[in-house]
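Just below is one structure, and these are the notes that go with it.
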There are 2 protein chains.
Amino acid sequence: MWAARYAEGVQGGYSPNVPTNRKPRVTIDQVAQATGVSRQTVSRAINNKSEIDPETRRRVLEAAQAMGYRPSRFARGLVRQDLITVGLVIADVLNPFFPEVTAGVLEAAERRGWQVVVYNTGSERRKELEVVDMLFDQVDAGVAFLLHHEAIAKATAGNLPFVLLDKGGRAPAVPGVRIDFEGGARRGLEYLIDRGHRRIAMLDDEAYLSAEAPNTRRELYLKVMGERGIPVDIDWIQPAHNSIDGGAVAMERLLSAHRDVTAVFAYNDLIAIGAQLRARALGLRVPEDCAFLGFDGLSIGELVEPPLTTLHIDKRRLGEIAVEQAALLLGGMSEDEIPEAVIEPQLVVRASA
Amino acid sequence: MWAARYAEGVQGGYSPNVPTNRKPRVTIDQVAQATGVSRQTVSRAINNKSEIDPETRRRVLEAAQAMGYRPSRFARGLVRQDLITVGLVIADVLNPFFPEVTAGVLEAAERRGWQVVVYNTGSERRKELEVVDMLFDQVDAGVAFLLHHEAIAKATAGNLPFVLLDKGGRAPAVPGVRIDFEGGARRGLEYLIDRGHRRIAMLDDEAYLSAEAPNTRRELYLKVMGERGIPVDIDWIQPAHNSIDGGAVAMERLLSAHRDVTAVFAYNDLIAIGAQLRARALGLRVPEDCAFLGFDGLSIGELVEPPLTTLHIDKRRLGEIAVEQAALLLGGMSEDEIPEAVIEPQLVVRASA
DNA sequence: ACCGCTCACGTGAGCGTTCACGGAGACATT
DNA sequence: AATGTCTCCGTGAACGCTCACGTGAGCGGT
């Protein structure tokens, strides 16, 4: 039970700036005056530099602490040009894919002494555009997962060093990491086909229905099935919300129309897991009655029964590479000089397929 | 297969500042000069203000774009005092507990138009101290999950608005959210006891062994068991690394000494899940042979077989409240005026206990 | 007594914006 | 013709800090 005022703040009539009597900032000059020294001496004390008497330093530090002085990062950043902040744009923190990417970004950024500010878009077009705008004002470089073409165009058109996580089939001139979905999907589907599956359904991410981005996973599915001469019923492709629940719902829909599918190729692990869970709840045996193949290699795939077979993507590495590309860009390298970076999904056979 | 230069960067001889020929910043004055107007007019164009001829605005914007001009956030922040950044300090992005908290923080921050910069500590003492230091320079307010007393002391001693996620039993004067572990643990343990369990083991987070923070969960376990007159074998308490694997390892250790325990009260869901998985792999039936009770209410608890019974914490709300407290602090409210905030864990009975 | 050196500290300038003004010109009003 | 009122635009100042200097005191060496 928390106090009511918090609850109010969050729900109904919320007021953005609560009590606006913000204390004025204590400046370095005030500390200097109070201690009877100059700005520069205070600066020396604060930044732990030499050319200052230890006793003076102590006095200054003490006064600063007492007065509640904290150097302004703006003033400091204005004069020292080496404080770098990178913006990380992701679709959804709650999707386990992104924390892994984030871990990579955080780690690589920390090695460089960079700050990382995080933005969530929910893959909504409006939010993506908003965030891209914000990026331009607030960071020195952007590392982003964007779905909507318009947002990507805006981001790359500007003059901000910008790197795409998952650049897909975009022109080489736009920096970013390419995840080789083609190779991955091919390996996965051929694995299923080689194990004798012929009626292979696909649970696709519904977000791509509204996005202009090409959905390579679905195209690849069609392509590989075609190559192998396996006829595809168009109803085998079901859109799913990108979540466990979404996968469950889509699976149920699929099953009600096509109880005879023997395998499911899911857009990603989240959808695969939901689908598999629901299939089992509906009485199907996995993988005997229906096999499941995910895409992403989330660690939660190991938790379900049976553990999920999947195409594993090194998400951490993905984040790291993106930061490294951003560093090159920031260092003055031009977009088209950035070396190609491709991440290869690996088939991890567990037990669901 | 990504290009070798990335790999090098990450592994061995890594050089922090790669190619240092950073382009000099384009300033507003340069744009002004190029367009033949004054700074102020450029500023008006960039910030979409009035008192400017539409045609002039177009020209300025065009030139700005062409020259690669982006306003300096430092210069801007220096003069406008309303750009707020809050630092979010968490132990580990990969622990599903934190993405949920992060989601709450991100959402609340976005409502206020704040930026969020994220730091990972891994709960290491050294990293925590480092991050706290960094916080003082880089943000306007801190929202942090800290384990080590020294780091907490440093953070609260400074004059930065600072809020603890999980303030535990700390003095009311330090702002933060209290998670009522006592109430939660009590409800959980009594549930187990009421269902007839007497030999209840505890899998504890080993991180608390080195931290000075009081580990309320373990104390509560001892206390409640004592109150109910149930003798506790000290070996029933096993330290575990805070991860699924850690839970598995600890469970195996526990089982080799005490095969007769009928229930496990885990420090959190991660450890509970690992333990339960391992127990089943070792041939135990859940919950018949051994019941499992987690703490946190992670959504992945629903994925395992059987679904994990747990004490659910509203982690999203936790993050939101913390931001709201930070807002109050930032608004000038003093530490001891911040209203008490407590989050009550709810027993969610699924099937593992 | 002079030079030179070190140590501790201060001074002016400048970082790139925005804000509060002030002012010129065009046009309408008296 | 003088006055008022828009619209558009420019000019100092200020934001809070660091950097490159400059300076004076103290001290040992010749």
Side-chain angles (χ1 to χ4, degrees), chain A residues 22-61 63-64 67-85 113 134 136-140 159-160, chain B residues 22-61 63-64 67-85 113 134 136-140 159-160:
Chain A
R22 187 120 88 260
K23 320 163 191 168
R25 181 172 262 292
V26 178
T27 74
I28 199 174
D29 281 297
Q30 296 176 29
V31 177
Q33 193 152 14
T35 330
V37 297
S38 70
R39 281 173 304 180
Q40 182 58 18
T41 301
V42 176
S43 176
R44 281 190 264 254
I46 296 289
N47 297 316
N48 214 351
K49 293 204 173 177
S50 56
E51 306 197 0
I52 181 174
D53 186 299
E55 165 59 13
T56 311
R57 178 191 313 258
R58 199 195 52 73
R59 274 177 43 231
V60 170
L61 254 24
M67 300 173 68
Y69 170 72
R70 263 181 329 115
S72 151
R73 70 173 177 286
F74 294 122
R76 191 178 263 174
L78 197 53
V79 44
R80 314 202 335 219
Q81 305 283 22
D82 56 347
L83 308 175
I84 292 180
T85 298
M134 184 139 296
F136 279 81
D137 290 354
Q138 304 287 3
V139 302
D140 303 295
N159 22 54
L160 179 77
Chain B
R22 186 119 89 260
K23 321 162 191 166
R25 183 173 261 293
V26 178
T27 74
I28 198 173
D29 281 298
Q30 297 175 28
V31 178
Q33 193 151 15
T35 329
V37 297
S38 71
R39 282 172 303 183
Q40 183 58 19
T41 300
V42 176
S43 176
R44 280 190 264 254
I46 295 290
N47 298 316
N48 215 348
K49 292 205 172 176
S50 58
E51 306 197 359
I52 180 173
D53 187 298
E55 165 60 14
T56 312
R57 170 181 321 223
R58 199 194 52 71
R59 274 177 44 230
V60 169
L61 253 25
M67 300 173 67
Y69 170 70
R70 261 179 332 114
S72 151
R73 70 171 179 287
F74 293 123
R76 189 177 263 174
L78 196 52
V79 46
R80 316 203 333 220
Q81 305 282 20
D82 56 346
L83 308 175
I84 293 181
T85 297
M134 185 137 295
F136 279 80
D137 289 354
Q138 306 285 4
V139 302
D140 303 296
N159 22 54
L160 178 76

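To find a chain, count down the sequence lines: A is the first, B the second, and so on, and within it residues start at 1. Please read these numbers as outputs of a predicted model, since none were measured by experiment.
The side-chain contact (heavy atoms from CB on, under 4.5 Å) test applied to A:Ile52 returns A:Thr41, A:Arg44, A:Ala45, A:Thr56, A:Arg57, not counting sequence neighbours. B:Asn47 meets the side-chain contact (heavy atoms from CB on, under 4.5 Å) test with B:Ser43, B:Lys49, B:Arg76; sequence neighbours excluded. Remark: A:Glu55 engages A:Asp53, A:Arg58, A:Arg59 in a side-chain contact (heavy atoms from CB on, under 4.5 Å) (not counting sequence neighbours). Listed by chain and residue number, A:Thr85, A:Asp140 satisfy the side chain to side chain donor-acceptor pair (under 3.5 Å) test with B:Arg73 (two or more places apart in sequence, or in another chain). With sequence neighbours left out, A:Phe136 forms a side-chain contact (heavy atoms from CB on, under 4.5 Å) with A:Val132, A:Leu160, B:Arg70.
In the displayed structure, A:Met134 atom CE is contacted under 6.0 Å by at most 12 heavy atoms of other residues, nucleotides or ligands.
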Between side-chain atoms of residues 27-35 of chain B and protein atoms elsewhere (two or more places apart, or another chain), which donor-acceptor pairs fall under 3.5 Å?
residue : atom : partner : partner atom : Å
B:Thr27 : OG1  : B:Asp29 : N            : 3.3
B:Thr27 : OG1  : B:Gln30 : N            : 3.3
B:Thr35 : OG1  : B:Val31 : O            : 2.5

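Note on the helix from C:dA1-D:dT30 to C:dT30-D:dA1: terminal axis deviation equals 60°, with five pairs used at each end and the result rounded to 10°.
Taking all atoms of both residues into account, the shortest heavy-atom contact from A:Ile46 to A:Pro71 is CG2-CG, 4.1 Å. Contact detail for A:Ser72 and A:Ala75: the closest heavy-atom pair is OG-N, 3.0 Å.
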What does the list of N/O pairs under 3.5 Å between the protein and nucleotides 14-17 of chain D look like, with a distance for each?
residue : atom : partner : partner atom : Å
D:dG16  : N2   : A:Ala75 : O            : 3.4
D:dC17  : OP1  : A:Tyr69 : OH           : 2.6
D:dC17  : OP1  : A:Ser72 : N            : 3.2
D:dC17  : OP2  : A:Ile28 : N            : 2.3
D:dC17  : N4   : A:Arg39 : NH1          : 3.2

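Near DNA chain D, defined here as any heavy-atom distance below 4.0 Å, the residues from residues 49-60 of chain B are B:Glu51, B:Ile52, B:Asp53, B:Thr56, listed numerically.
Phosphate proximity of D:dG10 to B:Thr41: present, with a side-chain N or O under 4.0 Å from OP1 or OP2.
Mapping heavy-atom proximity under 4.0 Å, the span of DNA chain C touched by chain B runs 5' to 3' from C:dG16 to C:dA20.
Side-chain contact between A:Ile84 and A:Val139 is absent, with no heavy-atom pair separated by less than 4.5 Å.
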